[in-house]
Each structure stands twice: as structure tokens, then as C-alpha cells.
Amino acid sequence: MDLALDSSGAIVGVAAWLATFHILPRPTLGRQLKSIHTYGSLAGRANAGARATYAAGVQEQHWHLLAVGVSAAARGRGHGRDLIAAGMYRAAADGVPVHLETTNPGNLSFYERLGFDTTAVLDLPDGGPRRWLMRQVPQPILNPGRDRRPRNT
């Protein structure tokens with residue numbers, strides 16, 4: 001988890017990351033119960049969407065941006081960009097790409113400005129939303145002892 005703080009120290013944004021190697025959804029009883037608890041009657045649709053996304057093929061070790069958000073009052077100040085840059089820095093240090101999904105077409109240009117390319121577009125089953133899968137290959141860190149992380153946000 002990365003946090004963005006304003007000048008008073010209040011949290012104004014968060015990014016959730018996962019370093020992963022192609023985690024396949026496994027229908028264990030615990031996951032099924034958690035899904036039902038989280039999604040209620042839409043659990044089947046949510047699980048079908050997750051299976052379709054995984055089947056689309058992130059077949060490489062990578063850092064995965066699970067979610068990023070900035071409070072409405074703090075948007076437009078670079079917090080989202082800085083939150084994503086922090087994860088991209090770790091991915092570069094590990095020598096792996098960054099992957100994410102979005103269902104909001106309005107997000108595409110933001111991610112494209114950060115160097116992401118669309119790798120697949122999925123229309124999720126059972127009338128689920130369209131999902132764009134995106135990938136970004138961070139620049140390698142040539143001298144980790146001298147390079148610095150992006151500024152704390």
C-alpha cells in the first residue's frame with residue numbers, strides 16, 4: 001500500500017499493489033464465501049469476470065496495481081501520478097512490468113500518459129463492464145545505490 005499525504009499529513013490518496021506471478025483464481029470454499037459476502041447476489045458475475053481477466057493472459061512476473069484513488073478535494077495535484085510512480089519504481093527495481101485493469105474509459109488517457117499500453121479489451125460475461133488490461137514496462141534502474149525513489153506523496 002502506498003499513501004499520499006497532504007501538507008497537514010492527512011491521507012488524500014492510496015494505491016494498492018500486489019507483486020505476483022499469474023495468480024489463478026481457485027474456487028476454494030473460503031474464496032467463494034468471501035466473494036458471496038463481498039458481492040452478494042452478484043458473486044457469480046464477479047467471479048466470472050475475474051476468471052475472464054486471468055484467462056486473458058498475464059503470464060509473466062509483474063507488479064499489479066489493484067486500485068488507486070485520490071480524494072476529490074486533492075485531485076489534479078499529482079498525487080495519483082506519484083502513487084503509481086512509487087509502484088513503477090519498485091517494478092523497475094525488480095526488473096518486471098506493471099499491469100492493471102480499468103473499467104473506466106476515462107482513465108485510459110491518464111494511464112497512457114504514464115506509459116501504459118492497452119494489451120486486451122474484455123467484455124465481461126453476463127453483461128459485466130468492458131475491462132481494459134494495460135501494461136507498462138518501467139525503465140531499468142541502472143544504479144540502485146544512487147537512484148532515489150519518487151518523492152513521498
Where do [X] and [Y] come nearest, in terms of heavy atoms and distance?
| X | Y | value |
| --- | --- | --- |
| L108 | M134 | CD2-SD, 3.8 Å |
| M88 | L114 | CE-O, 3.9 Å |
| P129 | T103 | CG-CG2, 3.9 Å |
| V12 | A74 | CB-CB, 3.6 Å |
| P97 | Q61 | CD-O, 3.5 Å |
| G115 | Q136 | O-CG, 3.2 Å |

#### Entry: Which residues share a side chain to side chain donor-acceptor pair (under 3.5 Å) with W132, sequence neighbours left out
none
### Task
Output all residues satisfying side chain to side chain donor-acceptor pair (under 3.5 Å) with D94, sequence neighbours left out; order by chain, then residue number.
W63
### Check: L83 and V70 side chains under 4.5 Å, non-hydrogen atoms
yes
### Task
Compare all side-chain heavy atoms of L133 with those of E101 and state whether any distance is below 4.5 angstrom.
yes
### Query
How many angstroms lie between NE2 in H62 and CG in L18, if you round to the nearest 0.5 Å?
7.0 Å
### Query
How long is the span from the NE2 atom in H64 to the NE2 atom in H99, to the nearest 0.5 Å?
8.5 Å
How would you list, by chain and number, every residue that makes a side-chain contact (heavy atoms from CB on, under 4.5 Å) with [X], sequence neighbours excluded?
| X | value |
| --- | --- |
| I11 | L3, L5 |
| S8 | D6, A10 |
| N107 | T102, N104, Y111 |

### Query
Given the rule that I, L, V, M, F, W and Y join up when any side-chain heavy atoms are under 4.5 Å apart, are L65 and F110 in one cluster?
yes
#### Entry: Same cluster (ILVMFWY, side-chain, under 4.5 Å), V96 and F116
yes
## Note on the structure
For R75, the salt bridge (Lys or Arg N to Asp or Glu O under 4.0 Å) test, sequence neighbours excluded, returns none
